[in-house]
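This report refers to the structure that appears directly beneath it.
A note on names: the letters A, B, ... follow the listed sequences, proteins ahead of strands, and every chain is numbered from 1. Fair warning: this is a prediction, and the values are worked out from it, not measured in the lab.
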There are 2 protein chains.
Amino acid sequence: MPDQSNSSHPCGNCAFYRDSIWQPVSSSCVSVLSRGFSRRDLIAGQSLYYQDDDNRGVFCVSKGLIALRTQHHDGTSTLMRLAYPGEIIGFRSFLESRPHRTEARALVGSRVCTVAQRDARHVVQGNPSVLTRLASRCIKEIDRNHERIIAAATTSNKQRLSDILLRLMETHGERTGQFLHMQLPLSRSDLADLIGVQTETVSRLFTRIQADGIFRVSGREVQMLSVPSNKKSANM
Amino acid sequence: MPDQSNSSHPCGNCAFYRDSIWQPVSSSCVSVLSRGFSRRDLIAGQSLYYQDDDNRGVFCVSKGLIALRTQHHDGTSTLMRLAYPGEIIGFRSFLESRPHRTEARALVGSRVCTVAQRDARHVVQGNPSVLTRLASRCIKEIDRNHERIIAAATTSNKQRLSDILLRLMETHGERTGQFLHMQLPLSRSDLADLIGVQTETVSRLFTRIQADGIFRVSGREVQMLSVPSNKKSANM
DNA sequence: CGAGGAGTTGAGCACGGTCAAGGATTGTGG
DNA sequence: CCACAATCCTTGACCGTGCTCAACTCCTCG
């Protein structure tokens, strides 16, 4: 049933169409989807929604990188998730009809597609499979959280920071010879909020990571030696 | 629509009936539920399912306390969740039709109700609201995970261990005068796996927690001074 | 009785928090 | 164009926390 491309469907030309939660739906609902559908381009630093905002729909990251962050009472914040293209955000507040518990902010220029709340509910109601796919995205989020909790308990901060660089490099890196390089889309304090340490510690971790010879970091510029190799570095 | 009690429904006499995910369902599905329904009593230490087991259904903790634990390749393990009465477990593997990623083991004598996989699917298919309620449990799990990730990043291990004792005391504590006391249902190494430290550290944390004067710990016996008070302890 | 598991305690050390100072970069207004 | 502020990032010193290794106690079970 999933098509490879479908110009009548609002997601029909999206690179992630075949994994879209809005697909397949009954043909009568395609027009409801189209009605509720909108695209929005965000520049780096721009917010899609704020913590405590009411839900306005279901959001899908089409390109770029979105940070989901929760603010604490004491002024600190934790970066709960980096949402990559193809991922759904805002589904908790949509499904539970409650305010957002995180703020969604673009870390780089991004595009986000929205299905407005009212129409999204309409489509969900008429197509149980959409709810199944939404539940599946919930479970993916649980799996990510579990991985993060396990990593926090079993992996050193240095290793976890390396892993984050690696993951970002996969998505944002550009190859030059045997090197991958990128503009780091996160500040030191974002990275600190992501692994749960202080910004000073992030600096020190970078120093130690560079000592291993894989990464070179200078401000936001990151370079990575990328010789195909299955030898995992034995970082502690 | 939710009844307070319903003797024809297999969950009809359960204390958690009004929050049951299996309620309400169409009357024709009540009999399907009854067919797939079974109760099981577990003694402390007994497992309900193991990591990598295929899913056999949807489980609901009726009483007791169940630990969900994942084993790592290096022989260590992490305690991902304590499931209290009224909570659903095993829903990820049910919804995704995949093997369990955690092992479920009773920490104290417990009772677990199961709706067999085949019948559960039947009921879910015929009653979209069941899927909605399952999604809601998924989101509760996400919320719990987020709280844990935030706590790990912002709260000291000492405070987190205190919080765990407090939570357990709420459910398992018995009052004697101005004290609550309980048999700690977790070993030192379970607690260590729960907060992500070594067992030796748990011992030392107990020493420091006792120094604050609220808790007294001796082996598995825990006593807590419980004078109603809204003054939060200023532990670091 | 011995074996093994659970829990505690100590010594030494690495890591990360805190506070403080200073460097680098960027944008604004004169 | 320069001066200045603001922000981001780095580095150093000091110290508390927790990891590792090791020894020892207590208890249960065979």
Side-chain angles (χ1 to χ4, degrees), chain A residues 43-45 67 72 74-79 105 107-108 151-162 164-165 183-212 215-223 234-236, chain B residues 43-45 67 72 74-79 105 107-108 151-162 164-165 183-212 215-223 234-236:
Chain A
I43 62 169
H72 310 132
D74 63 0
T76 64
S77 70
T78 301
L79 227 167
R105 181 193 304 247
L107 292 172
V108 299
T154 63
T155 313
S156 70
N157 290 334
K158 177 186 165 194
Q159 185 62 53
R160 285 194 295 142
L161 184 54
S162 288
I164 289 166
L165 288 185
Q183 279 295 112
L184 189 58
L186 298 115
S187 68
R188 299 295 190 267
S189 89
D190 284 341
L191 290 168
D193 289 348
L194 199 50
I195 59 177
V197 300
Q198 302 303 117
T199 67
E200 295 95 323
T201 299
V202 173
S203 268
R204 290 187 255 264
L205 290 175
F206 272 139
T207 307
R208 285 199 275 145
I209 285 172
Q210 290 181 89
D212 292 344
F215 288 101
R216 271 216 56 233
V217 183
S218 171
R220 294 292 186 98
E221 185 62 35
V222 182
Q223 190 182 72
N235 294 330
M236 17 159 231
Chain B
I43 61 170
H72 310 133
D74 62 0
T76 64
S77 70
T78 300
L79 226 167
R105 182 192 302 246
L107 292 173
V108 299
T154 63
T155 313
S156 70
N157 290 334
K158 178 188 166 194
Q159 185 61 53
R160 285 195 293 141
L161 184 53
S162 289
I164 289 166
L165 290 184
Q183 279 296 112
L184 189 59
L186 297 118
S187 68
R188 298 296 189 267
S189 90
D190 284 341
L191 290 168
D193 289 348
L194 199 50
I195 59 177
V197 299
Q198 300 303 116
T199 68
E200 297 95 323
T201 299
V202 173
S203 268
R204 289 187 253 265
L205 290 175
F206 272 139
T207 307
R208 284 200 275 145
I209 285 171
Q210 291 181 88
D212 291 344
F215 288 100
R216 272 216 56 232
V217 183
S218 171
R220 293 292 186 99
E221 184 62 34
V222 183
Q223 190 182 72
N235 294 328
M236 19 156 229

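The nearest whole Å value for the distance from the CG atom in A/L184 to the C1' atom in D/dC8 is 13 Å. Spacing between atom CD of A/Q210 and atom C1' of D/dC9 amounts to 13 Å, rounded to whole angstrom units. Nucleotide C/dC15 holds its P atom 14 Å from the CG atom of A/L161, rounded to whole Å. If you take CD of A/E221 and P of C/dA24, they are 18 Å apart, rounded to a whole angstrom. The CG atom of A/D190 sits 13 Å away from the C1' atom of D/dT7 (whole-angstrom rounding). Taking atom CD on B/Q198 and atom C1' on C/dC13, their separation rounds to 15 Å, with Å as the unit.
Direction of the helix axis in the helix from C/dC1-D/dG30 to C/dG30-D/dC1 shifts by 30° between the two five-pair termini, rounded to 10°.
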request  = Could you walk me through whether A/F206 and A/T201 pass the side-chain contact (heavy atoms from CB on, under 4.5 Å) test, one step at a time?
outcome  = CA-CA 8 Å; A/F206 272 139; A/T201 299; over 6 Å; no
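Note on A/N157: every side-chain N or O is 4.0 Å or more away from OP1 and OP2 of C/dC15. Distances shorter than 4.0 Å separate some side-chain N or O of B/R208 from OP1 or OP2 on D/dT17.
Side-chain atoms of A/T78 and A/H72 form a donor-acceptor pair, as typed in the model, at a separation below 3.5 Å.
Counting only heavy atoms from C-beta on, B/L205 has its side chain closest to D/dG18 among D/dG18, D/dC19, C/dG17.
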Cut-off 3.5 Å, no hydrogens considered: what does the side-chain donor-acceptor table look like for residues 215-223 of chain A, sequence neighbours left out?
from	atom 1	to	atom 2	distance (Å)
A/R220	NH1	A/L184	O	3.2

Which pairs would a plain distance check flag for residues 191-199 of chain B, meaning a side-chain donor or acceptor within less than 3.5 Å of a matching protein atom at least two apart in sequence or in another chain?
from	atom 1	to	atom 2	distance (Å)
B/D193	OD2	B/S77	OG	3.1

note = In 5'-to-3' order, the base (B), backbone-only (S) or no-contact (-) status of each nucleotide in nucleotides 3-12 of chain C, using a 4.0 angstrom heavy-atom cut-off, is ----SBBBB-
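A pairwise comparison of heavy atoms in A/L107 and A/A44 identifies O-CB, 3.6 Å as the closest pair.
Annotation: side chain of A/V108 is not in contact with side chain of A/I43 (no heavy-atom distance under 4.5 Å). Using a 4.5 Å heavy-atom cutoff, the side chains of B/Q159 and B/S156 are in contact.
With sequence neighbours excluded, the residues that form a side-chain hydrogen bond (donor to acceptor under 3.5 Å, both in side chains) with A/R105 are A/E103. Listed by chain and number, the residues in a side-chain hydrogen bond (donor to acceptor under 3.5 Å, both in side chains) with B/R160 are B/N157 (sequence neighbours excluded).
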